[in-house]
Amino acid sequence: MSSRKKSSQKSPSATTKPPSSASLERAHSSILLDGPSRAASRAMLYPVGFSEKDFSKSIVGVASTWSMVTPCNMHIDALARESALGIDKAGGKAIIFNTITISDGISMGTEGMKYSLVSREVIADSIETVAGCQGFDGIVAIGGCDKNMPACIMAIARLNRPAVFVYGGTILPGCLNGKLVDVVSVFEAVGQEAAGTISAKDRRAVETCAIPGPGSCGGMYTANTMASAIEAMGMSLPNSSAQAAISSHKVKDCRDAGAAVLNLLKKGIRPLDIMTKEAFENAITVVIALGGSTNAVLHLLAIAHAAGVKLVIEDFTRIGKKVPVLADLKPSGKYLMSQLVEIGGIVPMMKDLLAAGLLHGDVMTVTGKTLRENLASFKPYPKGQEIIRPIDNPIKKESHLVILKGNLAPGGAVAKISGKEGLRFEGRARVFESEEKALQAILAKKIKKGDVLVIRYEGPKGGPGMREMLSPTSAVMGLGLGKEVALITDGRFSGGTHGFVVGHITPEAFLGGPIALIKEGDLITIDANKRTLSLDVTAAELARRKKAWKQPVPRYRRGVLAKYASHVTDASHGAVTDAGL
């Protein structure tokens, strides 16, 4: 079935029936603004900058995730204005509106981090709400941090109105004693100080220079991973994912995105024409080639749910068996995103993947052209660059994102195994009922070689919110135990995490999953080759433990966290909150 036929169906949660392409340019705004009976609506818009002529134009909402709570988004108000200029110049009428954002990096390791994944749902809901209420014909959504980016695409998929996503851009690195540093350098400095390898003064020096200005965290962490995935999916303009936050290229990207939405309106191309199963497979392929974040699994599953595309965790295994890791980018590699920007971004790599038959080239994109057409004019990487390997000489022949199953994760788990840690780990369980307790033990040097840290009751329902474990994993790396200690959790990991780690364990502890039944000293085996996560306990013993297990009292009884916990699905289904509606 062609993607165009697919988009004629009702989008998964569309508030109104998608119109025919002939009426698409003003399909939604005309309902609110045309005719004598809509005089009051027009009257409300004169004070916010509308003229008489504007009421006959396509109305395009610009969803801005601007906020001063994080450097990732502090510049996005200016980028939103650039997109508005692009819309207006192309013959539309822009309306800028805001949604929330939170900072993973600031809240990491605290109770506040429980709101991080929750914010993805809140942001998607808010963009859908404003666009649906205000009758926008199209959308430009600008994101700059981990959760607002997939949230923007989730809302766009639900609305199924012509739309373009703009990435706010990567941060430039800090520099300390001639060495490039970033936010993960700070987290690891905490472990180094605990190990006694650096002083408090050294740690302060790292923290004061690691983040020099606006933009998203600078390695192939979750923000840059999701920006690249969205571009590979065809929902942002070529190289939108590989531009510095403060640059003339990013300003042009914003203006071009505004004009691109008007082109999509004229051509009758909607998001579900673009976000096909093949487009999601392209996104997975690019994430793997870049060595991207485990969070991509969670977010792509959630976006696919919003788009009505059947994507399952087994698809990551299927694609991962044939796609190599090519990028030598942090956290596991040497280089930062800003250095990839300097050699041409991800587009030359995508061109190589296409030539190797690893990408679907005939899928539609927001340019109104196919992916193959978009890539045709781009030049290859400069000779001698070492950031992106050739396909015949990869860093790893198969994906670093390994979906594990077994008696410890019957519903699946996600491991991030670069190969540098090895492909198999066997050790004794050290069990912690929260992230904070685990971090205390790590910093107190109570964790030894051969330990498998088990951090549980941090899943979507049990946390609630599925916190990221960057603080404990970075502390382990800082102590020099990255290859000697493993960590498993029903929570998740930051894109900045590296080491022998397994997250998204399903079923989670709060629901009585096997991770809840682990006892101190149990033998645990992580095997990337066999794709298994195993607990060396008999089925009979697990059944006895399960019978004695009691579900803990929910940590929150009211408010957004309680609401989230009552609706959220498991991690293997994207941790979405509307699946059962």
Side-chain angles (χ1 to χ4, degrees), residues 13 63-70 72-73 97-130 132-133 143 145-152 154-155 158 222 295 298-299 301-302 305-306 432-439 455-471 489-494 503-504 506-513 516 550-571 573-581:
S13 58
S64 168
T65 57
W66 170 80
S67 175
M68 289 301 289
V69 304
T70 168
C72 305
N73 292 64
F97 66 99
N98 247 85
T99 183
I100 66 159
T101 194
I102 55 86
S103 171
D104 291 0
I106 295 171
S107 63
M108 194 74 68
T110 72
E111 197 78 356
M113 185 64 191
K114 293 180 177 180
Y115 291 89
S116 171
L117 191 56
V118 177
S119 77
R120 186 190 72 182
E121 307 301 299
V122 175
I123 295 163
D125 290 351
S126 67
I127 293 173
E128 180 190 350
T129 299
V130 175
C133 177
C145 196
D146 296 12
K147 306 310 170 297
N148 58 54
M149 298 167 66
C152 287
M154 288 164 68
R158 294 175 189 174
T222 302
N295 280 315
L298 196 72
H299 296 325
L301 289 169
H305 170 74
F432 301 94
E433 309 300 326
S434 71
E435 179 187 3
E436 288 89 347
K437 292 177 181 178
L439 183 60
I455 303 179
R456 62 191 182 191
Y457 294 103
E458 292 287 4
K461 287 183 177 290
M466 207 179 176
R467 286 193 289 183
E468 293 179 350
M469 303 293 156
L470 182 58
S471 294
T489 180
D490 53 4
R492 59 196 174 91
F493 296 107
S494 162
H504 306 204
T506 304
E508 62 175 286
F510 186 78
L511 296 178
K550 292 183 179 179
Q551 187 177 62
V553 175
R555 288 168 169 163
Y556 291 86
R557 295 298 190 126
R558 63 188 65 206
V560 69
L561 292 179
K563 187 188 302 183
Y564 179 86
S566 69
H567 286 83
V568 70
T569 64
D570 64 46
H573 291 89
V576 298
T577 55
D578 63 342
L581 301 179

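Sequential numbering from 1 along the given sequence is applied to the chain's residues. Values reported hereafter were calculated over all heavy atoms of this structure, with side chains retained and with hydrogens, waters and symmetry mates removed.
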At what distance, to the nearest 0.5 angstrom, does [atom1] of [X] lie from [atom2] of [Y]?
X	Y	atom1	atom2	result
Ser434	Glu111	OG	CD	9.0 Å
Asp104	Thr222	CG	OG1	7.5 Å
Ser471	Glu435	OG	CD	5.5 Å
Thr129	Arg158	OG1	CZ	8.5 Å
His567	Lys461	NE2	NZ	9.0 Å
Tyr564	Leu117	OH	CG	3.5 Å

List the atom of [X], the atom of [Y], and the distance in Å for their closest heavy-atom pair.
X	Y	answer
Ser107	Gly112	CB-C, 3.8 Å
Ala155	Ala124	CB-O, 3.5 Å
Ile102	Ser119	CG1-OG, 3.4 Å
Phe493	Gly503	CE1-N, 3.2 Å
Thr569	Pro460	O-CB, 3.8 Å
Phe510	Gly462	CB-CA, 3.5 Å

Please report the C-alpha distance between Val568 and Met466 in whole Å, then the side-chain angles of each, then the deciding distance to 0.1 Å, and finally whether the side chain to side chain contact (heavy atoms under 4.5 Å, CB included) criterion is met.
CA-CA 11 Å; Val568 70; Met466 207 179 176; over 6 Å; no
Between Ser116 and Arg492, a side-chain donor and acceptor under 3.5 Å
yes
Stepwise, does the salt bridge (Lys or Arg N to Asp or Glu O under 4.0 Å) test hold for Lys147 with Glu468?
CA-CA 12 Å; Lys147 306 310 170 297; Glu468 293 179 350; 3.3 Å; yes
Worked verdict on Tyr115 versus Leu561 for side chain to side chain contact (heavy atoms under 4.5 Å, CB included):
CA-CA 7 Å; Tyr115 291 89; Leu561 292 179; 3.6 Å; yes
Is it true that Glu436 and Arg467 have a side-chain N and a carboxylate O under 4.0 angstrom from each other?
yes
I'd like to know if the side chain of Asn98 reaches the main chain of Trp66, judged simply by a donor and an acceptor atom lying under 3.5 Å from each other, with no hydrogens or angles considered.
yes
Does Thr489 reach the main-chain N or O of Ile455 with its side chain, forming a donor-acceptor pair under 3.5 Å?
yes
Single hit among Thr101, Thr70, Asn73 for side chain to side chain donor-acceptor pair (under 3.5 Å) with Thr65
Asn73
Run the side chain to side chain contact (heavy atoms under 4.5 Å, CB included) check on Lys114 and Arg555 step by step: do they pass?
CA-CA 11 Å; Lys114 293 180 177 180; Arg555 288 168 169 163; 3.8 Å; yes
Do Met154 and His299 have side-chain heavy atoms sitting under 4.5 Å apart?
no
Are the side chains of Leu439 and Phe432 in contact, using a 4.5 Å heavy-atom criterion?
no
Checking His305 against His573 for the side chain to side chain contact (heavy atoms under 4.5 Å, CB included) test, could you report, in this order, the C-alpha distance in whole Å, the side-chain angles of both residues, the deciding distance, and whether it holds?
CA-CA 8 Å; His305 170 74; His573 291 89; over 6 Å; no
With respect to Arg120, which candidate in Leu298, Asp146, Thr577, Asn148 satisfies the side-chain contact (heavy atoms from CB on, under 4.5 Å) definition?
Leu298
